[in-house]
Peer 1: 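The structure is given below, and queries will be raised subsequently.
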Amino acid sequence: MTELSKSIKTIFLVFFFLMMAGMGWSQQSNTSYKRRVLEASEVDLLFSYYNQDGQNAAVTGGEGTEELTDATSSIVLRMPMNEDDILTVDVGLSAYTSASSSNVNPLDGGVDVSPFDASSGESRKDVLAYINPTYEHSSDDRNTIWSANGYFSSEYDYVSIGFGGSFTKLFNEKNTEITLSGRVFLDKWNSQYPIELRNGFFDDRITGNGTYQPIFSEFENENRNSYSLSLSFSQILTPKLQGALFMDVVSQNGLLSTPFQRVYFSDFEDFFIDEFQLADNVEQLPESRFKLPVGGRLNYYLNDLVILRSYYRFYWDDWGVQSHTASLEAPIKLTDKFTLFPTYRYYTQTAADYFYPKEEALSTFEFYTSDYDLSDYDAHQYGMGVQYKDIFTSARVLSFGLKTINLRFSQYDRSDGLNAFIVTLGTTFVGN
């Protein structure tokens, strides 16, 4: 049994145990008249499909296919432990096929190799499994809420363990809300390097002037740690207007480079196998990064049919990236049960100090990457969704009533040529 299979099995055993325990606890007799924070167990079934394409793959040094498909399914179970406490367990699987990651080893799937074609080898696909439990407690007056959460995920070359908590205080007859939260992630790479940089590599098809001699050496530290602290403030300003402000402080350290992302230098000779250029090195990035996002939300109740939801965020980090994000959503109530959700999101960012297009970095530089996620670009995302909501849960599956169905479509277009299509489907069921 592989490590991934063991991780998936462990996740679902834990989920099954928590679900059974929660159902047992939630059925205990209640002798008080205090209203529960959550009256009955709820189950969310979520599915998303993501498809992208582009011609600037970081795996092949900033030039090559970025074709990728990802299908994610998850189950979120919220269980009342008693009048004041809720246990939420979120488990899921994400299966993807990536032309980009397949070219970590482009030689294992065919005779002719090219950065613009996907290898058919096993590196083209992977599965990520995760579990995210959260325990939440509310005070008797419902003005104080604290929570604690954990996180574990595993895929072929990466394992992540996280934990955190939050504290929320409501004031002014619940018109004002302040939340302080923090999270820690302790991650570890199982580094997979480009095939031509691995020990023992040899191929008699290499062409170029001289002898192929990359400057590569393996990373000694494979750990990546992330620490975040978040503060948010929400206020009901008028009967029709609600606003919120938030700020995050994020610190990362460890292996922040991606081990399989190639870089080509302008002062090195080029070497090929067929049309595939062999790496001069992999990206080299600092072992620390400090991020500071700040922003806000403003929701306005226009009338009984339309609500305007606006969002803005400014982001800064010490790698030289600055970005602006703005979005607008305008839910339109068609009937008592159906609502439309047209959305638009705009994003723009500056390039990181260490970004260089293919063959523009020098081998003498300390840091460099050709990952276009760290380049200068703009992006537009357009979406439309529809929600069905039945507060009486008249449709039933076993002992659960169907509360909501959400279906959304989004188109994402980036100025560097990357584009993506996203479909999400979510359903919520409520127990007796």
Side-chain angles (χ1 to χ4, degrees), residues 35-52 69-78 86 88 90 92 174-175 177 232 234-246 295-313 325-347 379-413 419-432:
R35 183 178 178 84
R36 288 170 173 255
V37 177
L38 183 65
E39 291 295 331
S41 294
E42 296 183 355
V43 178
D44 293 338
L45 303 178
L46 308 172
F47 173 80
S48 68
Y49 174 80
Y50 175 88
N51 178 271
Q52 78 168 37
T69 60
D70 180 278
T72 300
S73 58
S74 59
I75 300 174
V76 181
L77 175 62
R78 291 182 294 275
I86 301 172
T88 301
D90 178 4
K174 296 183 171 57
N175 289 321
E177 180 178 313
S232 66
S234 176
Q235 176 68 49
I236 297 177
L237 301 170
T238 72
K240 292 187 175 183
L241 187 64
Q242 181 185 32
L245 299 172
F246 60 84
R297 293 183 177 89
L298 201 61
N299 299 336
Y300 182 71
Y301 177 85
L302 191 62
N303 53 45
D304 290 341
L305 300 180
V306 180
I307 299 173
L308 300 178
R309 298 173 179 169
S310 62
Y311 168 88
Y312 171 77
R313 187 192 76 161
T325 306
S327 67
L328 181 65
E329 181 179 85
I332 303 170
K333 189 174 183 180
L334 301 178
T335 69
D336 289 341
K337 292 186 177 182
F338 287 94
T339 304
L340 278 181
F341 290 87
T343 61
Y344 171 72
R345 177 181 180 269
Y346 174 73
Y347 178 84
H380 303 268
Q381 183 169 324
Y382 316 87
M384 179 64 72
V386 60
Q387 180 189 74
Y388 167 84
K389 186 173 184 179
D390 183 1
I391 61 174
F392 299 108
T393 61
S394 54
R396 307 194 70 79
V397 177
L398 299 176
S399 61
F400 286 84
L402 176 61
K403 183 178 179 181
T404 61
I405 300 176
N406 285 280
L407 179 63
R408 299 201 178 206
F409 303 88
S410 296
Q411 176 67 36
Y412 176 79
D413 297 307
N419 56 75
F421 178 70
I422 310 108
V423 181
T424 60
L425 173 65
T427 59
T428 299
F429 294 87
V430 181
N432 289 328

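Hydrogens, waters and symmetry mates are skipped; everything else that's a heavy atom, side chains included, is used.
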Peer 1: Is a side-chain donor-acceptor pair under 3.5 Å present for D70 with T72?
Peer 2: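 Checked: T72/D70 side chains pair up, N/O donor to acceptor below 3.5 Å.
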Peer 1: Run the salt-bridge test on E329 and R408 with the 4.0 Å N-O cut-off and return the result as yes or no.
Peer 2: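 Looking at E329 and R408, the cut-off is met.
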Peer 1: Above 12 or not: heavy atoms from other molecules or residues under 6.0 Å from CG of D336?
Peer 2: no
Peer 1: By ring pair (Phe, Tyr, Trp, His ring centres under 6.0 Å), which residues pair with F421, not counting sequence neighbours?
Peer 2: none
Peer 1: Any chance you could measure T69, atom OG1, to Y49, atom OH, to the nearest 0.5 Å?
Peer 2: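 Reported to 0.5 Å precision, the distance equals 5.0 Å.
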Peer 1: Apply side chain to side chain contact (heavy atoms under 4.5 Å, CB included) to residues I75 and V43 and explain how you reach the verdict.
Peer 2: CA-CA 7 Å; I75 300 174; V43 178; 4.0 Å; yes
Peer 1: Could you walk me through whether T424 and L46 satisfy the side chain to side chain contact (heavy atoms under 4.5 Å, CB included) test, starting with their C-alpha distance in whole Å, then the side-chain angles of each, then the deciding distance to 0.1 Å, before giving a yes or no?
Peer 2: CA-CA 7 Å; T424 60; L46 308 172; over 6 Å; no
Peer 1: Is it the case that the side chain of Q381 and the backbone of D413 share a donor-acceptor pair, with hydrogens and angles ignored and the cut-off at 3.5 Å?
Peer 2: no
Peer 1: To the closest 0.5 Å, what do you measure between OG (S327) and OH (Y347)?
Peer 2: 13.5 Å
Peer 1: How far apart are the C-alpha atoms of T428 and D44, what are their side-chain angles, what is the distance that settles it, and do they pass the side-chain hydrogen bond (donor to acceptor under 3.5 Å, both in side chains) test?
Peer 2: CA-CA 4 Å; T428 299; D44 293 338; 2.7 Å; yes
Peer 1: Below 30° counts as parallel, above 60° as perpendicular, anything between as tilted: where do the rings of F246 and Y311 land?
Peer 2: parallel
Peer 1: Show your working on side chain to side chain contact (heavy atoms under 4.5 Å, CB included) between N175 and Q235 and close with a plain yes or no.
Peer 2: CA-CA 6 Å; N175 289 321; Q235 176 68 49; 4.1 Å; yes
Peer 1: In Å, rounded to the nearest 0.5 Å, how long is the span from CD of Q387 to CG of N406?
Peer 2: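 So the gap between those two atoms works out to 4.5 Å.
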Peer 1: List the steps and the verdict of side chain to side chain contact (heavy atoms under 4.5 Å, CB included) for L340 and F338.
Peer 2: CA-CA 7 Å; L340 278 181; F338 287 94; over 6 Å; no
